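Just so it is clear, the structure is predicted and the values come from calculations on it, not from any experiment.
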Amino acid sequence: MKIGKLCLLAAALLLAQYSFAQRSGIESLAGNGKGKIRVGGFGAPTVKFTTFNKEMGLLLGGYAGVMLNSQLMLGAGAYGLVNNIEAPRADPADPTLYWNMWYTGFVPEYTIRGNKLFHVAVGALIGGGGVMKNERYHHGWDDSEPQDYSSFFVGEPHVNFEMNITSYLRVAVGGSYRFVQGSGTPGITDDRLSGPAAHFTIKAGRF
């Protein structure tokens with residue numbers, strides 16, 4: 001009986017692998033393509049609109065990696081806060097300080113029916129980052145040392161609603177939620193570093 005079950009399991013796995021290998025090509029606005037199992041990759045610059053310390057924050061960054069079988073992407077991503085959000089001051093005479101936050105980590109992502117013109121991808125970023133206070137001019141950062149720096153763990157699941165422009169270019173809108181744990185910078189908490197985000201992404205590569 002055990003041998004029979006093992007044979008049935010092996011046959012099922014082989015059948016699934018064969019069926020997967022016969023997937024149709026990518027459907028796009030520029031036309032349809034046909035291909036077998038792919039080993040490719042892509043880069044995805046991303047703009048995120050999020051909450052930060054109960055204010056509107058703008059994050060710039062993105063992710064990139066290797067894509068297996070036109071479905072599973074394994075890569076890494078990074079984001080940073082780019083707009084000016086003032087940090088609280090203990091003394092009004094102190095110089096104005098602004099929040100600065102960054103995070104990076106491992107990004108797995110799974111694309112569902114990516115050969116279709118419209119499709120969905122789900123994934124997450126798992127890693128760490130840091131938060132601090134800086135003196136910052138409107139045109140960028142100055143050379144001062146960051147103050148009250150602390151590191152944290154971050155987990156950020158996301159979902160993309162994507163459209164194929166060509167077989168190598170996709171655009172996506174979606175949402176995510178950033179879970180932050182372990183920060184210790186005075187004037188802000190994990191809850192205020194955490195928050196939802198809406199994003200716009202351009203993916204370019206071999207899917």
Side-chain angles (χ1 to χ4, degrees), residues 12-13 16-28 33 35-52 57-82 101-131 151-183 190 193-207:
L13 290 174
Q17 183 178 5
Y18 176 79
S19 299
F20 186 63
Q22 303 304 313
R23 295 175 67 249
S24 62
I26 294 175
E27 179 182 301
S28 68
K36 295 182 180 180
I37 295 176
R38 293 180 172 223
V39 177
F42 64 84
T46 302
V47 179
K48 292 190 176 187
F49 302 92
T50 186
T51 58
F52 181 93
L58 179 65
L59 297 171
L60 294 182
Y63 59 101
V66 175
M67 194 170 196
L68 306 176
N69 300 331
S70 298
Q71 289 184 315
L72 179 63
M73 192 281 297
L74 300 174
Y79 300 92
L81 182 69
V82 296
M101 179 187 72
W102 65 271
Y103 59 96
T104 185
F106 169 63
V107 179
E109 184 180 76
Y110 188 80
T111 301
I112 302 169
R113 296 175 66 85
N115 58 315
K116 297 300 182 181
L117 177 60
F118 297 102
H119 55 271
V120 175
V122 293
L125 182 148
I126 304 168
V131 61
S151 58
F152 55 75
F153 165 82
V154 61
E156 187 174 29
H158 70 259
V159 59
N160 287 344
F161 300 95
E162 303 184 351
M163 180 176 68
N164 295 327
I165 303 300
T166 70
S167 61
Y168 55 85
L169 184 67
R170 296 174 176 176
V171 294
V173 295
S176 64
Y177 194 93
R178 185 177 61 259
F179 295 94
V180 170
Q181 185 68 42
S183 66
D190 289 346
L193 290 171
S194 304
H199 62 256
F200 175 75
T201 299
I202 298 174
K203 291 183 175 182
R206 187 171 188 267
F207 301 106

query: Hey, does the side chain of R178 reach the backbone of V154 with a donor-acceptor pair shorter than 3.5 angstrom?
result: no
query: Are the side chain of S151 and the backbone N or O of G130 linked by a donor-acceptor pair below 3.5 Å?
result: no
- prompt: Would F153 and I126 satisfy side-chain contact (heavy atoms from CB on, under 4.5 Å), going step by step from the backbone distance to the final call?
  reply: CA-CA 8 Å; F153 165 82; I126 304 168; 4.0 Å; yes
Non-hydrogen side-chain atoms of F207 and M67 separated by less than 4.5 Å: yes
message: Can you tell me how far apart NZ (K48) and CG (L60) are? Round to the nearest 0.5 Å.
response: 11.0 Å
message: Determine whether a donor-acceptor pair (N or O, by modelled atom type, separation under 3.5 Å) exists between the side chain of R113 and the backbone of H119.
response: no
- prompt: Should S70 and T111 count as side-chain neighbours, where that means a heavy-atom distance under 4.5 Å?
  reply: no
field: side-chain hydrogen bond (donor to acceptor under 3.5 Å, both in side chains) between Y79 and E156, worked out
entry: CA-CA 11 Å; Y79 300 92; E156 187 174 29; 5.9 Å; no
field: Exercise: identify the closest heavy-atom pair between F152 and G182
entry: CB-C, 4.2 Å
task: Evaluate the side-chain contact (heavy atoms from CB on, under 4.5 Å) criterion for residues V82 and L59: first the C-alpha distance (whole Å), next the side-chain angles of each, then the deciding distance (0.1 Å), finally the verdict.
output: CA-CA 6 Å; V82 296; L59 297 171; over 6 Å; no
- request: Of all the heavy-atom pairs spanning L74 and P108, show the shortest one and how long it is.
  value: CD2-CB, 4.2 Å
query: Of the non-hydrogen atoms in G43 and A64, which two are nearest, and what is the gap between them?
result: CA-CB, 3.8 Å
- line: For P45 and I202, the nearest pair of non-hydrogen atoms, with its separation, is CD-O, 3.1 Å
query: Does T46 reach the main-chain N or O of A44 with its side chain, forming a donor-acceptor pair under 3.5 Å?
result: yes
- prompt: Who pairs with T104 by side chain to side chain donor-acceptor pair (under 3.5 Å), at least two apart in sequence or on another chain?
  reply: none
query: What's the shortest heavy-atom distance between L193 and S183, and which atoms?
result: CD1-OG, 3.4 Å
task: Would you mind listing every ring-ring contact (aromatic ring centres under 6.0 Å, His included) that reaches into residues 156-176, with sequence neighbours excluded?
output: Y63-H158
query: Does any non-hydrogen side-chain atom of L81 lie less than 4.5 Å from one of W102?
result: no
statement: Sequence neighbours excluded, the answer for salt bridge (Lys or Arg N to Asp or Glu O under 4.0 Å) partners of E162 is R170, K203
statement: Heavy-atom nearest pair, E109 first then N160, reads OE2-ND2, 3.4 Å
